[in-house]
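Heavy-atom basis, side chains included; hydrogens, waters and symmetry copies ignored. Letters go in sequence order (proteins before strands), and every chain restarts at 1.
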Amino acid sequence: MASGTRPSAAEKAQAAEERRQRIWQVIHAIPSGRVCSYGMVARLAGLANGARQTAWALRHLPRDTKIPWFRVINSQGKIAMPEGSRGYREQRRRLKAEGVTFNDSGRISSRSFWWEGD
DNA sequence: GTGTTGACTATCG
DNA sequence: ACGATAGCCAACA
């Protein structure tokens, strides 16, 4: 219901932080050995077209985060960071350690790696 | 307030 | 399969 009063800056900031929290919560729920796309993470977090928000939230994670950021890849089944970059190699190494394999094109080798929630 | 940016994505040729 | 395009939305200059 419209209360007539516009949301304050503080309320907007709080809403933005809650969106980020939901995104992190969803990512944290991705099982080991599975991957999820940016768009799917956003959808599970209640954001219809929030793929870029997921990307933004991940890009700004602290180095020592416990969130499994490496289980999030793009809708093409490929790692989103530039190939050959430091983050790219680390993400691929971490996924491989969980059993997620890639083909020569840089895409995950099996559709069964995808996770769509529970 | 306006314009640009980006770890995105669906669609088209 | 692949590159170009347009749509998307929060943060930033």
Side-chain angles (χ1 to χ4, degrees):
Chain A
M1 306 299 294
S3 64
T5 63
R6 275 172 275 124
S8 69
E11 288 170 331
K12 286 187 176 182
Q14 181 183 356
E17 184 161 346
E18 287 177 357
R19 285 196 296 273
R20 289 190 285 266
Q21 295 289 343
R22 284 202 303 275
I23 288 172
W24 290 328
Q25 183 179 348
V26 170
I27 296 174
H28 203 268
I30 303 175
S32 174
R34 309 291 292 284
V35 296
C36 196
S37 74
Y38 291 82
M40 183 58 70
V41 169
R43 191 174 178 74
L44 292 174
L47 308 172
N49 296 300
R52 309 202 79 143
Q53 290 180 63
T54 303
W56 191 96
L58 285 181
R59 199 184 178 323
H60 289 80
L61 284 177
R63 304 162 137 286
D64 59 354
T65 182
K66 298 176 176 58
I67 295 175
W69 55 271
F70 52 87
R71 293 180 187 145
V72 184
I73 63 181
N74 66 28
S75 63
Q76 304 175 39
K78 295 163 63 175
I79 290 174
M81 286 180 275
E83 187 175 352
S85 69
R86 209 167 155 214
Y88 179 95
R89 288 197 300 273
E90 179 177 0
Q91 183 165 10
R92 183 151 169 166
R93 177 178 62 75
R94 284 180 181 262
L95 287 176
K96 183 179 179 182
E98 296 187 343
V100 178
T101 55
F102 293 80
N103 61 25
D104 295 338
S105 304
R107 296 196 302 117
I108 55 177
S109 355
S110 170
R111 295 168 177 270
S112 63
F113 292 134
W114 284 116
W115 180 75
E116 307 182 27
D118 290 301

From dC8(B), dA10(C), dC8(C), nucleotide with atom closest to Ala51(A) side chain: dC8(B)
Select one nucleotide: of dC9(C), dA1(C), dC12(C), the one nearest the side-chain heavy atoms of Trp56(A). dC12(C)
Under 3.5 Å, side chain of [X] to main-chain N/O of [Y], donor-acceptor pair present?
X: Arg71(A); Y: Ile30(A); value: yes
X: Thr101(A); Y: Ser109(A); value: no
X: Gln25(A); Y: Ala45(A); value: no
X: Arg89(A); Y: Gly84(A); value: yes
X: Arg43(A); Y: Ala48(A); value: no

Side-chain donor/acceptor of Arg52(A) to base of dC9(C), under 3.5 Å: no
What's the separation between atom CD in Gln53(A) and atom CZ in Arg22(A), rounded to the nearest 0.5 Å? 9.5 Å
Does a side-chain N-to-carboxylate-O contact under 4.0 Å join Glu90(A) and Arg94(A)? yes
Can you sort out which residues in residues 12-38 of chain A have a heavy atom within less than 4.0 Å of DNA chain B? Ascending by number, please. Ser37(A), Tyr38(A)
Tell me: [atom1] of [X] to [atom2] of [N], nearest whole Å?
X: His60(A); N: dC9(C); atom1: NE2; atom2: P; value: 19 Å
X: Gln53(A); N: dA11(C); atom1: CD; atom2: P; value: 7 Å
X: Leu47(A); N: dA10(C); atom1: CG; atom2: P; value: 8 Å

Check whether any side-chain heavy atom of Trp69(A) sits under 4.5 Å from a side-chain heavy atom of Gln91(A), and report yes or no. yes
Here the residues of residues 73-93 of chain A within 4.0 Å heavy-atom distance, strictly under, of DNA chain C are none
